[in-house]
Amino acid sequence: MSGYTAVTEADLDAMLATIGVDSIDELFSSIPAGLRLGRELDLPDGLSESEVYAHLRDLAGKNVSAEDEVCFLGAGMYDHYVPAMIDMLLGRSEFLTPYTPYQPEVSQGGLQVMFEFQTAICELTGLDVSNASVYEGPSALAAAGYLAKLTNKRGRFVISHGVHPHAREALRTLSAGYGMAVDEVPLLDGVTDADAWAAAIDDTVSAVFVGQPNFLGAIEDVAALSAVARDHGALVVCSADPLSLGILEAPGEQGVDVCVGEGQSLGNRLDFGGPSFGFFAARSEHVRRMPGRIAGETVDADGRRGFVLTLQTREQHIRREKATSNICTAQALNALAGVVYLCWLGRRGLVELGELMVQRTAYARDLLGDVDGVEPIHSQPVVREFAVSLDVGGLDGVLRVLDRCAAEGLNPGYPLGRTYPEYGSGLLVAITEQRSRADIDRLAVVLGRAVAAERSERAAVGASA
Amino acid sequence: MSGYTAVTEADLDAMLATIGVDSIDELFSSIPAGLRLGRELDLPDGLSESEVYAHLRDLAGKNVSAEDEVCFLGAGMYDHYVPAMIDMLLGRSEFLTPYTPYQPEVSQGGLQVMFEFQTAICELTGLDVSNASVYEGPSALAAAGYLAKLTNKRGRFVISHGVHPHAREALRTLSAGYGMAVDEVPLLDGVTDADAWAAAIDDTVSAVFVGQPNFLGAIEDVAALSAVARDHGALVVCSADPLSLGILEAPGEQGVDVCVGEGQSLGNRLDFGGPSFGFFAARSEHVRRMPGRIAGETVDADGRRGFVLTLQTREQHIRREKATSNICTAQALNALAGVVYLCWLGRRGLVELGELMVQRTAYARDLLGDVDGVEPIHSQPVVREFAVSLDVGGLDGVLRVLDRCAAEGLNPGYPLGRTYPEYGSGLLVAITEQRSRADIDRLAVVLGRAVAAERSERAAVGASA
Amino acid sequence: MSVQSAAGAYETAMQRDRAETIFMKGAPGRRAFVAPAIDVPVRPLDDLIPARLRRGREPRLPEVSEPELVRHYVNLSRRNFDLDSGFYPLGSCTMKHNPRLHERVAGLPGHARLHPFQEPARAQGALELMWNLERALSEIAGLPHVSLQPSAGSHGELAGVLLTRAYHDARGEQRTKVLTPDTAHGTNPATVTMAGYEVVKVGTNADGGVDIDDLRAKADTDVACLMLTNPSTLGLFDENIAEIAKIVHDVGATLYYDGANLNAVMGKSRPGDMGFDIVHFNLHKTFTQPHGGGGPGSGPIAVSDRVEPFLPHPVIVRTEPAETNGAGSGQAVFDLDHDRPQSIGRLRGFQGNYGCFVRSYAYICSLGAAGLRDVSEVAVLNANYLLAKLGKLGVLDLLTPAYGRVPQVGDGEQQNHSHHGADDADARRQWGCMHEFVLSGAPMKRELKIRTLDLAKRLLDHGVHPPTVYFPLVVEEALLIEPTETETRETLDRFAESIAEILREAREDPEIARGAPYTTPVRRLDEAAAARRPVLRESL
Amino acid sequence: MSVQSAAGAYETAMQRDRAETIFMKGAPGRRAFVAPAIDVPVRPLDDLIPARLRRGREPRLPEVSEPELVRHYVNLSRRNFDLDSGFYPLGSCTMKHNPRLHERVAGLPGHARLHPFQEPARAQGALELMWNLERALSEIAGLPHVSLQPSAGSHGELAGVLLTRAYHDARGEQRTKVLTPDTAHGTNPATVTMAGYEVVKVGTNADGGVDIDDLRAKADTDVACLMLTNPSTLGLFDENIAEIAKIVHDVGATLYYDGANLNAVMGKSRPGDMGFDIVHFNLHKTFTQPHGGGGPGSGPIAVSDRVEPFLPHPVIVRTEPAETNGAGSGQAVFDLDHDRPQSIGRLRGFQGNYGCFVRSYAYICSLGAAGLRDVSEVAVLNANYLLAKLGKLGVLDLLTPAYGRVPQVGDGEQQNHSHHGADDADARRQWGCMHEFVLSGAPMKRELKIRTLDLAKRLLDHGVHPPTVYFPLVVEEALLIEPTETETRETLDRFAESIAEILREAREDPEIARGAPYTTPVRRLDEAAAARRPVLRESL
Ligand SMILES: Cc1ncc(COP(=O)(O)O)c(C=O)c1O
Ligand SMILES: Cc1ncc(COP(=O)(O)O)c(C=O)c1O
């Protein structure tokens with residue numbers, strides 16, 4: 001018996017007697033004999049806590065994490081510092097172990113957190129209403145598509161090629177069911193091609209999607225892009241990096257209807273991709289078509305202020321097949337980390353952190369620009385991430401460069417060729433407050449050395465060929 | 001301003017006005033000008049949280065911990081697994097951040113923990129009363145000496161050479177003030193020499209001290225040693241390894257008056273030596289001379305069961321120069337870990353863990369016995385630790401062997417020569433539930449290789465000389 | 001004095017502290033965060049980002065010191081009821097103990113700070129862990145292939161129905177309908193709609209199982225899939241499952257297993273063996289990922305061979321030591337395969353909720369095969385014991401079990417009963433269930449004039465979390481009770497006695513229950529008012 | 001209805017849960033711990049350890065499952081008041097915010113799992129950290145040498161007095177007495193006795209400082225040491241400290257600084273510069289090691305050159321890069337020096353409470369020089385503000401400040417006051433203090449018939465922890481209030497208003513305070529009964 005169950009021999013006898021059966025097997029008598037697994041599952045034996053810890057520590061040891069190397073990887077998730085206070089709060093049983101607040105009288109903690117989260121997201125995005133979280137970034141964008149479809153029943157989405165590749169793909173996958181056409185608009189010098197954008201949008205378009213900053217780190221002219229779409233009655237969906245919004249204009253001020261995004265950079269760990277949270281904010285006219293939980297304010301029997309889950313007629317457990325989404329369990333704990341992180345930064349900290357990233361990123365961009373065999377991919381303004389091209393003949397060369405850098409304990413960034421064939425030699429470099437000037441200087445040296453080595457090797461091969 | 005203080009410019013002005021001064025400096029006017037530090041402290045500038053984290057992580061990286069190598073070090077502190085649940089409980093603000101329970105009505109959590117701790121320690125030691133913790137093991141033994149001195153006013157202590165060297169020294173240091181003579185009784189085949197023991201004890205002896213198991217891992221015949229002392233009216237103090245008490249007879253059953261010990265192995269981390277806790281249990285006749293906090297049961301105004309600090313007339317804050325000890329802040333949080341750990345093990349687990357250690361230790365002892373150049377130092381029964389001698393010509397040789405093993409990621413044990421010149425080539429090897437048979441097999445191989453290498457090198461040098 | 005008037009007259013400390021959001025605290029200029037010094041040459045912002053792209057008005061985030069922030073949220077946390085404090089028999093949610101070991105291992109930097117775009121060669125531990133978890137889930141489900149990508153159960157459902165669509169498309173079939181029983185969880189029909197299918201409800205028979213005739217009537221070649229959970233949301237195992245599978249398969253549809261109730265049958269019976277094509281797991285239920293106040297969760301899916309080609313990508317692939325060309329010293333090598341031409345694509349970013357995988361994998365390692373079987377056996381034992389205990393306390397006349405009557409001696413099946421150990425007639429059980437059971441509060445409402453909601457609210461004053469209420473919809477005034485395997489007999493006894501006590505109290509004075517709760521941080525909340533005039537954010 | 005009767009009639013949820021120890025829970029055979037399998041050949045225990053040495057009756061430890069264990073202690077924790085939940089102005093204890101960063105870094109395996117007997121060559125990070133901390137403490141104290149070994153303040157005191165003894169012994173002097181002011185903390189006299197000296201009390205003058213004449217009278221060559229804290233336990237800085245030092249040094253005695261109040265003067269004034277020979281620090285106070293419900297603490301000492309030879313061993317030594325013979329790539333090398341012939345020896349095992357060093361070192365790194373000065377400035381500002389606020393609320397007539405009257409205009413010192421900014425006479429401050437202040441409840445007791453104890457207990461109902469009460473002993477019905485620098489002005493205001501409110505309430509009905517507290521998990525406890533018939537363990 002594991003330490004998680006408590007039935008002793010004495011308990012078992014007493015309980016079976018109370019039930020009125022002779023054995024536990026009898027309790028499973030409703031399972032037809034033919035469907036009973038006549039054997040033990042083919043799994044290893046159980047282990048003690050210290051053994052399980054050792055096993056999972058060994059597995060962790062086979063990964064190279066941002067704790068082990070100087071990491072300039074971003075591309076949707078960023079190695080920001082998670083304040084220790086957040087671990088403490090998320091570790092509190094009171095936040096960690098309850099479920100969705102179906103009984104508001106004993107869930108005021110979680111409900112108020114949701115209310116505070118919604119407030120912070122509204123402030124960040126400049127929009128009227130926010131829900132209490134969805135799964136993560138890319139599926140949040142797809143959820144915005146579904147809201148648009150419910151809103152205007154149109155059959156076509158237009159999405160910028162600058163939107164995160166995973167989000168573009170999630171939109172295709174999840175809208176396939178309700179039969180949406182999805183057209184992509186290419187980039188020009190790193191940002192959405194305005195002419196192609198205008199050309200792609202007509203009155204059949206249900207919604208348009210843009211990333212801010214886009215996948216190449218470039219800042220899009222969201223206001224201009226929105227204007228075109230609004231002229232055709234299409235909803236404007238912006239997928240934004242929340243930590244850039246201390247610096248960049250609020251989407252709500254730029255004609256955006258729905259702003260979604262990946263919340264990981266707000267106090268959540270990298271966790272190899274999840275769990276994190278997605279945020280989903282919109283203009284008030286869309287509130288009754290929003291997906292997910294929403295906390296609202298009310299009063300109790302004695303007139304005390306309190307919070308409850310509200311507008312539930314949108315949701316699956318009430319509206320079933322007519323629900324505006326099927327989401328049930330979302331990301332409450334990760335959203336808690338998000339709102340605590342935003343409060344930890346505070347009004348000024350958010351801006352200061354943004355400026356720190358802008359300055360260091362500019363420094364890094366210039367520095368790498370001077371490295372042999374490293375060329376900028378675009379000239380657009382950026383906040384925290386930028387794209388360069390390495391003169392190493394494509395993705396394989398870039399991957400070998402990554403291996404060389406890894407050997408020196410440094411990860412220079414994301415190989416763009418994995419998702420952007422047109423930038424086969426591309427490298428996407430991200431900066432956070434954890435990457436000091438010294439780290440950036442080292443990046444220039446190590447990357448420069450790796451590129452040089454790769455080029456001379458290819459030259460050698462070329463010569464010998 | 002750090003994030004820990006909250007005085008804004010506006011706050012400052014309002015507060016100074018309320019106080020009725022113009023500046024903060026004015027508040028320090030009572031410090032004579034000549035004594036004011038006219039400069040900033042000569043310390044580095046403050047850092048952000050992520051920078052401090054990085055700095056302390058780098059320092060941690062310069063240590064080789066039991067997480068980094070297979071560690072057979074013991075000698076007073078042991079690498080037992082600390083269940084994750086303990087971190088969670090110790091991390092709860094409610095346990096972590098209050099101080100000594102001076103206001104029992106809002107400290108029932110901490111007080112009940114003390115009461116439960118006292119109960120568990122009494123069960124473990126077989127004695128009547130326990131306090132709620134003292135600093136740690138060696139000073140606990142010295143505190144027992146002070147209790148003896150208060151009890152019988154005699155002027156001499158007799159201590160077995162098998163007691164932990166730090167405890168023997170702490171006793172000398174801390175009894176020097178009240179002018180105690182401290183005589184040591186040597187070991188014979190790893191345990192206290194019974195004849196020398198008998199010879200050393202007479203009616204001038206205030207207390208005798210024995211370690212169980214002793215520093216060489218050997219099990220002492222505590223009952224026999226106590227008998228001699230009791231015949232001369234001396235108090236018997238036993239310093240015991242709490243995790244061995246699931247296997248070994250309870251000191252309370254062996255004529256011991258006071259049982260003290262180092263509590264680290266009960267759910268506390270190694271922490272390079274502290275904080276941990278010392279436990280202190282005694283026969284009831286000594287209760288009013290015990291040091292430290294003691295929780296007692298009582299009732300509240302409505303008759304509810306409750307707990308308070310009691311018998312405080314022993315303590316410094318009431319009795320001042322007449323107190324039985326000067327201890328104030330002790331080790332409440334570490335004692336909490338201790339009692340939770342004992343409950344986690346439970347009645348059967350304590351015994352099972354003890355048996356696991358006994359079996360693996362016996363296996364390791366035999367295995368090392370067969371290794372060339374490794375000889376047992378004694379033949380006494382042991383629980384979890386044993387002493388061998390390496391044929392490498394003394395402490396320096398042993399230290400070089402340790403270096404060789406370290407290069408292979410293994411730490412074979414404690415070099416006895418550091419504190420027992422007579423065992424200059426000695427090595428003390430400890431086993432915990434975290435050292436599997438595979439680890440022990442590796443120990444035999446790695447240590448064997450290192451000893452062989454050291455011997456051949458010395459042979460070479462010898463030859464060339 | 002009645003509890004109620006006392007409650008009115010006397011506020012608890014928490015009730016006295018009125019709700020104040022963090023936005024109402026602090027003061028301009030306060031901060032918890034100290035920014036690292038800007039260590040690079042500072043350039044004018046205008047040179048880097050044109051003003052027109054920059055923010056006009058900064059977000060009005062709170063301005064608080066770290067101590068203020070910590071106190072706010074620590075105190076807020078105390079306004080939650082949680083599983084580490086008391087019994088939480090929320091039906092269909094499997095609120096089992098959350099071992100802290102899982103938080104520790106998930107927090108190891110090698111897992112927690114691993115970037116999702118780290119090259120597979122430098123994320124071998126993570127991929128090996130995911131592979132091992134996939135294999136374990138496959139064995140538990142009795143289906144060969146697993147994708148860990150879905151973010152939660154309903155996300156898994158959506159994946160499952162989209163897989164079904166892809167499967168039919170590939171065979172050139174256009175199907176339009178998906179069947180769901182009227183006992184189904186709301187996410188099932190909601191998912192069907194999002195996947196572009198029409199929902200067709202199937203009825204429930206007298207035993208609480210699928211109405212076979214109704215199913216036969218509705219199962220035609222327009223049907224793409226039947227979504228089922230077994231045991232059902234009534235906590236009953238559908239004995240006709242084999243026949244149901246046959247009917248569904250005969251019309252070429254897929255059979256989907258909603259795995260929310262898997263905690264009843266681990267190591268006892270496998271969905272794959274029952275004939276299901278697609279299964280979703282709720283790692284946050286069966287495999288004890290903490291519920292976090294409403295997530296995170298994780299909803300891996302297991303599928304049969306015919307569905308495998310359409311799985312979301314990437315897929316984890318393992319290259320055996322033999323095959324590895326010098327890649328790793330005799331070690332198997334793991335990689336992510338994106339080259340999946342028939343894949344439905346991605347449901348989300350990256351590889352799924354890895355942090356949840358670590359926890360659930362640790363759980364499986366701790367329990368092993370025997371431990372997992374134990375889990376289901378004790379889960380079912382605890383549920384049946386609680387049901388029987390309620391019977392012994394005479395509660396079941398007012399709270400009647402929905403379905404689940406056990407055939408008595410004579411009606412075959414139970415002959416062995418005659419050889420019953422402590423063979424007293426009245427010890428013979430009347431009602432049975434799997435890991436959870438449903439009671440109807442209809443008689444209570446009739447006779448005591450209190451609703452299931454009132455009972456639930458009064459339970460709050462007894463220091464336990466109420467069961468799921470008003471679900472499943474087919475049962476009037478429903479209470480869905482799932483104790484889980486990690487509760488002690490004493491806890492189940494206390495809960496049963498609380499229910500009995502509340503009914504006794506209500507017989508004397510129903511107002512007490514109707515006015516409940518009294519001792520909670522706030523008293524009964526007006527949900528209607530909240531929906532009427534929605535206030536969804538703090539006004540600044 | 002009065003609060004009291006309501007309280008009687010209505011129990012809070014926590015009050016309803018009567019105290020049950022873990023020994024009263026569980027059942028035989030239950031367990032949280034699963035032992036690793038015995039993976040070696042098992043031999044009969046009798047062959048390994050003779051039966052007569054083995055345990056007869058196993059300890060009756062609890063038998064509980066992990067969920068039971070977690071619930072027990074999580075629920076128990078809620079019966080504590082703590083610093084993360086509210087204001088904790090416990091005088092002399094410096095209950096400042098405990099940053100969680102410190103728990104994180106102390107928990108890094110490189111620190112937390114480092115064995116104390118690890119060879120110094122493989123513990124360089126730990127030794128470097130300790131060295132850096134020693135240097136920082138030395139700079140803060142203004143004394144050149146530091147030992148981190150003592151486990152807490154009183155352990156540091158004992159070290160200090162034993163060092164004094166060693167110092168005098170080395171000079172062949174036999175001294176018998178140690179002077180302590182009557183305001184001293186109890187640990188001071190208790191320490192003196194344990195160190196084998198006789199305690200001689202020195203009186204307090206009208207300003208709350210040391211009575212110089214009394215000191216002169218008692219300072220003779222039998223005196224080994226004067227133990228002092230400055231600011232004193234009255235929260236006042238002794239302006240005569242230089243003269244006091246001279247008197248003490250003139251008779252060849254040492255001057256010991258009890259560092260419990262160091263939070264008042266960091267970066268403002270240094271004990272070494274005041275003439276102290278030995279200083280102890282309370283890392284758990286000034287340097288924010290969490291108090292843990294009564295420890296762990298850490299009590300490093302700083303000493304002057306003449307005391308250095310006697311310091312406890314081991315001592316950390318640093319070898320500069322230059323000197324290192326290839327030991328480490330240009331890095332300084334750290335080691336433990338045990339070869340200290342004049343050392344008093346060891347006070348305890350190993351190198352002291354390293355885990356506390358990590359936290360306090362992190363704190364010093366976070367704050368830096370300016371931040372530490374800030375700490376003391378704000379600590380003193382907050383204390384003076386609270387005192388002034390209480391004055392404005394008219395509280396100080398019933399709770400009179402002990403000593404600490406500020407000389408008014410004219411009596412020199414304060415001329416600058418005439419240039420006061422907002423120059424309204426009544427804004428001129430009457431009372432002053434350093435980081436804490438003492439009020440006497442004597443007038444309150446006389447006029448309102450409630451004691452300081454009653455006020456303290458009633459404060460519990462206001463959700464704050466009471467100040468230290470009945471200490472220092474020289475003040476009748478004393479309240480020692482230390483707000484610390486990490487509290488906000490709002491919190492100080494609320495606290496002042498609570499005091500005023502309680503006094504107002506008591507004027508109407510003193511019974512309310514005398515019956516307090518009402519809302520705590522238990523109500524006022526009978527400490528006398530506990531001492532009369534001590535029950536010190538659960539009976540099994
Ligand atoms: C029967 C059933 N199906 C599906 C779900 C949906 O799972 P999730 O909440 O993980 O999306 C739930 C959980 O609420 C459930 O109880
Ligand atoms: C003035 C004073 N001196 C000494 C001490 C003793 O310090 P510790 O409790 O760390 O032993 C304290 C703390 O209680 C104190 O307030």
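Proteins come first, then strands; the chains are lettered A, B, ... in the order of their sequence lines, and each starts at number 1. No hydrogens, no waters, no symmetry mates; every other heavy atom, side chains included, goes into these values.
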Query raised in the report: With under 30° as parallel and over 60° as perpendicular, where do the rings of C:H465 and C:Y88 fit, or are they tilted in between?
Result: parallel
Report summary line: Among B:M88, B:E94, B:M85, the residue with the most heavy-atom pairs under 4.5 Å to chain C is B:M88
Query raised in the report: Among B:D79, B:N411, B:T432, B:I440, whose side chain to side chain contact (heavy atoms under 4.5 Å, CB included) with B:F72 holds?
Result: B:I440
Query - Structural part of C:P28 lying under 4.5 Å from a heavy atom of chain B - result: backbone
Report task. May I ask you to establish whether B:R384 and B:Y78 are in a cation-pi arrangement, using a distance under 6.0 Å from NZ or CZ to the six-membered ring centre and at most 45° from the ring axis? Result -> yes
Requested in this report: Tell me, for B:R92 versus chain C, whether the close heavy atoms (under 4.5 Å) come from the side chain, the backbone, both or neither.
Outcome: neither
**Report entry** Aromatic ring pairing B:F115/B:F307, orientation class (parallel under 30°, perpendicular over 60°, tilted between)
**Finding:** tilted
Requested in this report: Go through the side-chain N and O atoms of C:T12 and C:Y518 and say whether any donor and acceptor fall under 3.5 Å apart.
Outcome: no
Query raised in the report: Does any heavy atom of chain B fall under 4.5 Å from the side chain of C:R78, the backbone, both, or neither of them?
Result: side chain
Query raised in the report: Between B:D45 and chain C, which part of the residue has a heavy atom less than 4.5 Å away: side chain, backbone, both or neither?
Result: neither
